[in-house]
Student: 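A single structure is presented below for examination.
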Amino acid sequence: MKDYLQLFLVFAQVGACTFGGGYAMLPILQREVVEKRGWCTAEELADYFAIGQCTPGVIAVNTATFVGAKRKGNLGGVVATLGVVFPSVVIITLIAAFLKSFAHIEAVGHAFAGVRAAVVALIASSVLKLGKTTVRSLPAAVIFAAVLLFSVFDSQLEAAFPAAAFLFSPVTYVVLAGAAGLALSLRRKGGKNG
Amino acid sequence: MIYLRLFFEFFKVGLFSVGGGLATIPFLQDLGQRTGWFSPADLADMIAVSESTPGPMGVNMSTYVGFACGGPLGAVVGVLGLITPSILVILLVALFLKKFRDSKVVDGVFQGLRPASTALITAAGVSVALIALLNDGRLAWDDPRVITLAPGSGEAGLSIVWPAVAIAVAVFVCMRLPRLKKLHPIVYIAAAAALGVALQL
């Protein structure tokens with residue numbers, strides 16, 4: 001029971017500290033889940049983000065379910081997910097009920113312009129940390145560079161190839177990268193045997 | 001029974017929107033059109049609030065739409081609907097991974113997935129950087145200027161916001177300092193918010 005409560009509280013904290021999209025969760029997850037508690041490794045967290053990206057649902061929710069399930073099975077997955085959405089439900093309900101003009105308050109706009117600048121640095125720092133474990137070989141670097149280029153320029157690619165626009169999505173990149181990883185590992189194994 | 005309907009509608013949003021919270025926007029637009037529960041202007045407000053409050057955006061927006069349709073209980077039901085497909089699918093995938101953890105095939109696939117995942121996060125960082133450090137720093141995520149704006153697109157009228165760049169660099173440097181490494185990221189977020197207000201960013 002204590003473990004589930006802890007799982008709920010840690011993920012509620014992660015939800016409350018996430019500003020500006022599910023990816024901004026990464027630095028908090030790295031700190032709370034990987035470094036402080038050792039519930040999963042940095043590589044596993046990268047796996048969860050990749051799978052969460054190409055399975056149904058919002059990435060933040062998918063990642064929470066994953067970590068929770070790893071830690072405490074199915075019920076753990078449910079508890080972690082409820083934890084990560086809990087602050088949103090409370091905060092948004094309060095704002096929707098009492099502070100409809102919240103987003104139009106001038107100071108809120110200024111504060112969040114500042115927060116976004118900090119989020120850029122947080123994500124950059126997390127990516128450097130993650131890259132040290134995930135991009136260590138030449139093939140990995142090639143996959144990283146290719147997916148990065150395609151993702152950054154995907155609106156241009158969609159405009160250039162309208163008939164194939166649906167292909168330029170993270171789902172495609174993740175599937176192709178997985179296939180490339182599999183092909184490489186099979187070849188390496190084959191090479192050793194032959 | 002509005003709550004049952006809400007649950008079902010958000011279950012569909014959760015099932016079909018793949019990726020980050022932004023992926024829910026087209027589905028929410030469609031939901032508003034079909035049900036008349038909220039107008040496009042309402043949705044624009046909801047997106048603005050969702051970006052400027054803590055929590056994943058997709059979850060925030062679903063809470064807001066749920067609240068607009070059915071009050072506080074509607075908010076809870078909407079979010080439960082949104083997360084149910086995620087929980088079901090991810091628990092299945094987790095079960096599969098546990099069973100085939102030692103398989104060479106799964107291991108090979110992950111060797112490819114990890115750099116790809118890192119690249120996707122980097123790309124998300126780039127798009128946050130474009131919004132945060134260029135122009136007035138307050139473009140909405142769904143602003144067409146952001147969507148068309150990418151390096152090399154030659155969009156006119158955008159300029160670098162130096163105070164925002166300074167905040168980003170300062171936070172980045174602080175995070176690398178051994179003495180400050182243990183600090184919770186929320187400290188930087190709070191400091192940056194205060195600076196944003198002080199500098200009228």
Side-chain angles (χ1 to χ4, degrees), chain A residues 15-17 21-23 27 46 49-50 55-62 65-66 69 74 77 81 85 87-89 91-93 96 102-103 107-118 120-123 125 127 130-131 134-135 140 143-144 147-148 151-152 170 177-178 180-182 185, chain B residues 14-15 19-21 48-49 52-60 63-64 67 72 75 79 83 85-87 89-91 94 108-126 128-129 132 137-138 164 167-168 171-172 175 185-186 188-189 192-193 195-197 201:
Chain A
C17 297
Y23 288 104
F49 262 82
T55 47
V58 179
I59 187 162
V61 172
N62 293 352
T65 311
F66 248 130
N74 290 350
T81 310
V85 301
S88 295
V89 173
I91 294 168
I92 297 285
T93 302
F102 179 80
V108 171
H110 293 310
F112 277 86
V115 168
R116 273 189 198 143
V120 173
L122 292 180
I123 296 183
S125 158
V127 161
L130 189 62
T134 58
V135 191
I143 293 175
F144 173 83
V147 174
L148 180 60
S151 312
V152 168
L182 179 59
S185 76
Chain B
L15 189 61
V49 171
S52 37
T53 42
M57 255 184 81
V59 178
N60 289 353
T63 309
Y64 208 134
F67 184 89
V79 169
I83 65 178
S86 287
I87 293 180
V89 172
I90 296 294
L91 288 182
V109 169
F110 277 126
Q111 295 301 326
L113 282 192
R114 284 170 190 162
S117 173
T118 310
L120 289 171
I121 297 165
T122 311
V126 170
V128 179
R138 281 209 260 157
I167 292 177
V171 171
F172 186 80
M175 289 189 75
I186 197 74
Y188 297 114
I189 289 174
L195 278 172
V197 174
L201 211 62

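Just so it is clear: chains get the letters A, B, ... in the order the sequence lines come, proteins before strands, and each one is counted from 1.
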Student: To the nearest 0.5 Å, tell me how far A:Ile143 CD1 sits from A:Leu148 CG.
Tutor: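 Output value for this atom pair is 13.5 Å.
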
Student: Taking every heavy-atom pair that is under 4.5 Å apart, which of A:Cys17, A:Ala46, A:Ala96 has the most such pairs with chain B?
Tutor: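 Ranked by heavy-atom pairs under 4.5 Å with chain B, first place is A:Ala96.
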
Student: At a heavy-atom separation under 4.5 Å, does A:Leu122 approach chain B through its side chain, its backbone, both, or neither?
Tutor: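 A:Leu122 touches chain B through backbone and side-chain heavy atoms alike.
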
Student: Quick one: what part of B:Val197 sits under 4.5 Å from any heavy atom of chain A, side chain, backbone, both or neither?
Tutor: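 Both backbone and side chain.
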
Student: Donor-acceptor check, side chain of A:Ser151 to backbone of A:Val147, threshold 3.5 angstrom: yes or no?
Tutor: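 Between the backbone of A:Val147 and the side chain of A:Ser151 there is a qualifying donor-acceptor contact (under 3.5 Å).
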
Student: Do A:Phe49 and A:Leu130 come within less than 4.5 Å of each other through their side chains, counting heavy atoms only?
Tutor: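 Result no, sub-4.5 Å side-chain heavy-atom pair not found.
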
Student: Just jot down the side chain to side chain donor-acceptor pair (under 3.5 Å) partners of A:Thr134, sequence neighbours excluded, or say none.
Tutor: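 For A:Thr134, the residues satisfying side chain to side chain donor-acceptor pair (under 3.5 Å) (neighbours in sequence not counted) are B:Thr118.
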
Student: For chain B, which candidate among A:Ala140, A:Pro87, A:Ala69, A:Ala107 shows the most heavy-atom pairs at distances under 4.5 Å?
Tutor: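 Among the listed options, the one with the most contacts to chain B is A:Ala140.
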
Student: Could you tell me which of B:Ile189, B:Ile186, B:Val79, B:Ile167 has the largest number of non-hydrogen atom pairs under 4.5 Å with chain A?
Tutor: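 Highest number of pairs under 4.5 Å: B:Ile189.
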
Student: Between A:Ala50, A:Gly178, A:Ala118, which shows the greatest number of heavy-atom pairs under 4.5 Å with chain B?
Tutor: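 Maximum pair count with chain B is reached by A:Gly178.
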
Student: Considering only heavy atoms, which portion of A:Val115 lies under 4.5 Å from any heavy atom of chain B: side chain, backbone, both, or neither?
Tutor: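 Answer is both: backbone and side chain atoms of A:Val115 are under 4.5 Å from chain B.
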
Student: Can you find a pair of side-chain heavy atoms, one from A:Ser125 and one from A:Pro27, that are under 4.5 Å apart?
Tutor: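 Heavy-atom side-chain distance check fails, nothing below 4.5 Å.
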
Student: Counting only heavy atoms closer than 4.5 Å, note whether B:Tyr64 contacts chain A via side chain, backbone, both or neither.
Tutor: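 Both backbone and side chain.
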
Student: To the nearest 0.5 angstrom, please state how far the CG atom of A:Asn62 sits from the OG1 atom of A:Thr55.
Tutor: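 Reported value, rounded in 0.5 Å steps: 4.0 Å.
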
Student: How close do A:Ser88 and B:Pro54 get, counting heavy atoms only, and between which atoms?
Tutor: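 For A:Ser88 versus B:Pro54, the nearest heavy atoms are OG-O, 4.2 Å.
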
Student: Picking from A:Gly77, A:Gly131, A:Ala177, which has the most non-hydrogen pairs under 4.5 angstrom with chain B?
Tutor: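 Most heavy-atom pairs under 4.5 Å with chain B: A:Ala177.
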
Student: Please identify, among B:Gly14, B:Ala75, B:Gly125, the residue contributing the most non-hydrogen atom pairs under 4.5 Å to chain A.
Tutor: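 Answer, by heavy-atom pair count under 4.5 Å with chain A: B:Gly14.
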
Student: Picking from A:Ala111, A:Gly181, A:Gly15, A:Ala121, which has the most non-hydrogen pairs under 4.5 angstrom with chain B?
Tutor: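 Most pairs with chain B among the choices: A:Ala111.
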
Student: Below 4.5 Å from any heavy atom of chain B, which atoms of A:Ala16 appear? Answer side chain, backbone, both or neither.
Tutor: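 Only the backbone of A:Ala16 comes within 4.5 Å of chain B.
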
Student: Name the option with the most non-hydrogen atom pairs under 4.5 Å to chain A; the candidates are B:Leu120, B:Leu195, B:Val49.
Tutor: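 Among B:Leu120, B:Leu195, B:Val49, the one with the most close pairs to chain A is B:Leu120.
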
Student: Who passes side chain to side chain donor-acceptor pair (under 3.5 Å) against A:Thr81, sequence neighbours left out?
Tutor: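 Expected list: A:Thr65.
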
Student: Between B:Ile87 and chain A, which part of the residue has a heavy atom less than 4.5 Å away: side chain, backbone, both or neither?
Tutor: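 For B:Ile87, the contact with chain A is made by backbone and side chain together.
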
Student: Less than 4.5 Å to any heavy atom of chain A: does that hold for the side chain of B:Val89, its backbone, both, or neither?
Tutor: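 Contact with chain A: side chain only.
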
Student: Roughly how far apart are B:Ile90 CD1 and A:Asn74 CG, rounded to 0.5 Å?
Tutor: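 One gets 12.5 Å once the value is rounded to the nearest 0.5 Å.
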
